[in-house]
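All residue numbers refer to positions in the sequence shown, counting from 1. Order of appearance sets the numbers: ligands from 1, and atoms from 1 within every ligand. No experiment lies behind these values; they were computed from the predicted model shown.
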Amino acid sequence: MIKILSTRFEFDQYRNSLGHDSVGLVPTMGNLHEGHLSLLKQSMLENMVSVITIFVNPKQFGPSEDFDRYPRTLEEDISKISQLAIHSDKEIIVFVPKSIQEIYPENFNSVISIKGITQKLEGRFRPDHFDGVSTVVYRLFVIVAAKNAYFGQKDFQQCAVIKQMVNDLELKINIVIMPIIRNSEGLALSSRNQYLSEDERIEALTLPRTLQALELLILEEGNYDTFVAKTLSENIKWDYLEVLNAETLNLPDPFTKKLVIVGAYRLMSARLLDNRLVHKL
Ligand code: PAF
């Protein structure tokens, strides 16, 4: 069963009626693809009720970013969610706030700002982005009061920021990170992929292929620093390509076993992110 709610009033009424049923939260900005649907499927497995939110959060877009043209495809999104609902006896609530004020009331004047890990990688290119993300995610945690919340590993740094927030503020919510879903050629699914031209779609494969090559090199104990330096110097479209400690996002030491390779690659029409987790033996 699927229910669509668009105001805070409606949502609160519904939420109060639920009692102690376990609730899973899947926060999204819409334009749903298989990556989002994998989060919803997992939530449906683990909870009685799943709340998927569709809200293009203005606070996480910089002044020259794509807030206005971000793909808004509500009808298609609802139809994809309905397909999942048909094959399940679990309840799905689609919360689509009808205005920004449903999430940030008129006198809302707070920011949740996580320090440290937000200053590197994406933080260097999108200065207030993570304040916008942590503020909206915190708001959704408060509104939905879920037991579990589901995020995609594709936005690795975002996951780390949210985990840090949950830990620092002692929020009573369990964070579940789901693996990256890729297309048949290896490109990580993202709503922004649709900005790409045909040629750019081909060039975009540089990102996952480089990360994969780097993973092999790490597993073979090769000199990956030289590979990274060479890649960055040969192609200025990389915003960054780094191998980090997957727990802290700091530089690894020789004993670090769990690494993450993170990359951001700039094309004319979109900026693409990808990552790979590597477990050294
Ligand atoms: O990953 C996203 O789509 C967004 O950053 C999120 C978590 C829904 C917050 O707006």
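Side chain of Asp66 to backbone of Tyr70: no donor-acceptor contact under 3.5 angstrom is found. Using a distance-only test at 3.5 Å, with no hydrogens or angles considered, no donor-acceptor pair links the side chain of Arg72 to the main chain of Val56.
Screening residues 74-93 for salt bridge (charged side-chain N to carboxylate O under 4.0 Å, His left out), with sequence neighbours left out, gives no hits. Residue pairs satisfying the salt bridge (charged side-chain N to carboxylate O under 4.0 Å, His left out) criterion with at least one member in residues 161-185, sequence neighbours excluded, are listed as follows: Arg182-Asp274.
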Please produce the table of protein N or O atoms sitting under 3.5 Å from N or O atoms belonging to ligand 1, one pair a line, distance to 0.1 Å.
unit_1, atom_1, unit_2, atom_2, d
ligand 1, 1 (O), Gln158, NE2, 2.8
ligand 1, 5 (O), Gln60, NE2, 2.9
ligand 1, 5 (O), Gln158, OE1, 2.7
ligand 1, 10 (O), Gln60, OE1, 2.6

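Asn167 pairs by the side-chain contact (heavy atoms from CB on, under 4.5 Å) definition with nothing, not counting sequence neighbours.
For the residue pair Tyr150 and Asn174, no side-chain donor N or O sits within less than 3.5 Å of a side-chain acceptor on the partner.
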